[in-house]
Protein chains: 2
Amino acid sequence: MAVSARRGQPLTLEEIYATTLRLVDAAGVDGLSMRKLAAELDVNPMSLYHHVENKEALMSGACAVVASRLRLPADDGAPWQDQLRALGHAYRSLARSHPSLWSYVNGHPNLVKQENTLWAVFNRILCAAGIPAEDLVHTRKVLYTFVSGFLSAETSGLLFELEGTADADSAFEIALDLIVAGLESRHSAVAGPPPEPLGR
Amino acid sequence: MAVSARRGQPLTLEEIYATTLRLVDAAGVDGLSMRKLAAELDVNPMSLYHHVENKEALMSGACAVVASRLRLPADDGAPWQDQLRALGHAYRSLARSHPSLWSYVNGHPNLVKQENTLWAVFNRILCAAGIPAEDLVHTRKVLYTFVSGFLSAETSGLLFELEGTADADSAFEIALDLIVAGLESRHSAVAGPPPEPLGR
DNA sequence: ACCTGAACACCGTTCAAGT
DNA sequence: ACCTGAACACCGTTCAAGT
């Protein structure tokens, strides 16, 4: 055989990550091992190390594949409240696409480095909400932890059932309501014109 | 020897959990194994199984020990805003007492079952905040995920430095500000003196 | 270039045996 | 009652060897 005794074609990163995600979705992160992954790919366990440095890099790559699928809402001129909610929904649908992976990375944040594009969109919306520049970074971080916390609880099944989504759906709306209301009352928001920085 | 060839006295659950917490604090949850714990206790690895069913039960017990140390603020008649903030701070100090354990349980929520007393205090405060009964459960769950998310990010070092706590401290105040403001504006609050819109 | 087998240093856990 | 040693079925990873 030219390439392998067991497979007709060489391994690719794409199929490695795709199979990783399939296994994690099926059996959770604890149910994934290099050896099981290799078996699923019909390959010797050690072959994986020719494509991926180690298990941590494998997980990190799988996270990057998922993160790249985030569909950031464009700036359509809608009120910042609507744009913030749209961003929240986009993020939530990403988390729900791979629940086990998501609840895992929440405890291993070094696995994924957030893309600048997400922060840029987030900043733009918070500016439109009238958040003063000096509070922008802290406010963004806090809101990020809020929705991460909700999604961690949701994807791990802690507080809301994963099956009947109606409960979690309405809870997420309440979460967004609270965030929007909090931002509105703390900083007199201005929908259309550019934000005016005001002290607190 | 009456009890053991290596130790003068039998193992106790107290020292097992205390040593578990010490190891987890020092090396993280991944740095803990039944074998290392046994070595630290100067005991055969298999002796542990006489006191604890398995590793999951060990972790669950350690979590219960920590959770039992939560000092719930009493109802002192203060405005609900202050009581809510006090509850948040009590919870945060618990999380920060064992950061590695805390960020671990966030992804393994089945390890710890929340005590009714926490929910009872939480409910009382939200009632004082004027949350209608039909929204109470959802609102409580959402707020719980918010602070859990913040503390998960803090204890895992994702967004805030663990060393200089000033950054995380002020971020937590912003988080509480946002929550209080969100509750105030959504439901006309009805407790004690009128709420003051600015936190700090 | 890509894959493999054997080997190493770890795991959690079971079980029969010791005192 | 409490502890132990040997053993089993797993891990991630290294390394020299194969094509």
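Each chain gets a letter, A, B and so on, in the order its sequence line appears, and its residues count up from 1.
For B:N44 and C:dT19, the CG to P distance is 15 Å, given to the nearest whole Å. Here C:dT14 presents its P atom at 13 Å from CZ of B:R35, a figure rounded to the nearest Å. Distance A:L32 CG to D:dC10 P: 16 Å, rounded to the nearest Å. Between B:L11 atom CG and D:dC3 atom C1' there is a gap of 9 Å when expressed in whole angstrom units. The CG atom of B:L37 sits 17 Å away from the P atom of C:dC10 (whole-angstrom rounding). Rounding to whole angstrom units, CE of residue B:M34 and C1' of D:dC11 are separated by 17 Å. Rounded to whole Å, the distance from CG on A:D30 to C1' on D:dC11 is 12 Å. One interatomic measurement links the two molecules: CG of A:L13 to P of C:dC2, which rounds to 11 Å at whole-angstrom precision.
Remark: nothing in residues 19-29 of chain A comes within less than 4.0 Å of DNA chain D through any heavy atom. Of the residues in residues 50-58 of chain B, those with a non-hydrogen atom less than 4.0 angstrom from any atom of DNA chain D are B:H50, B:H51.
Distance alone, capped at 3.5 Å, places no donor-acceptor pair between the A:S60 side chain and the A:E56 backbone. Using modelled atom types, one side-chain atom of B:Q83 and one backbone atom of B:A78 make a donor-acceptor pair closer than 3.5 Å.
Relative orientation of the A:W102 and A:Y91 rings is perpendicular, given thresholds of 30° and 60° on the angle between their planes.
Exactly one of A:L21, A:L101, A:T20 qualifies for a side chain to side chain contact (heavy atoms under 4.5 Å, CB included) with A:L32. That residue is A:T20.
More than 12 heavy-atom neighbours from other residues, nucleotides or ligands sit within 6.0 angstrom of CZ on B:R69.
When side chains are defined from C-beta on, B:V147 does not count as touching B:L87, because their heavy atoms never get closer than 4.5 Å. Between B:N106 and B:L151 the shortest side-chain heavy-atom distance does not fall below 4.5 Å. Side chains of A:R22 and A:D25 form no contact here, defined as non-hydrogen atoms less than 4.5 Å apart. Residues A:D30 and A:Y104 form no side-chain contact, since every pair of their non-hydrogen atoms from C-beta on lies 4.5 Å or further apart.
A:V137 and A:L118 are not part of a single hydrophobic cluster, where members link through side-chain heavy atoms under 4.5 Å apart. A:I125 and A:L72 fall within the same hydrophobic cluster, where Ile, Leu, Val, Met, Phe, Trp and Tyr residues are linked whenever their side-chain heavy atoms come under 4.5 Å apart, directly or through other members.
Rounded to the nearest 0.5 angstrom, B:M34 CE and B:L37 CG are separated by 7.0 Å.
Close to D:dC2, at under 4.0 Å from its OP1 or OP2, lies no side-chain N or O of B:S47. OP1 or OP2 of C:dC11 sits under 4.0 Å from a side-chain N or O of B:K36.
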* Structure fact -> Dot-bracket assigned to DNA chain D with the 3.5 Å Watson-Crick/G-U criterion, [ ] for crossing and | for other-strand pairs, is ||.|||||...|||||.||
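When heavy atoms are screened at a 4.0 angstrom cut-off, A:M46 is found touching base atoms of the nucleic acid.
The side chain of A:P10 sits closest to C:dC3 out of C:dA7, C:dG12, C:dC3.
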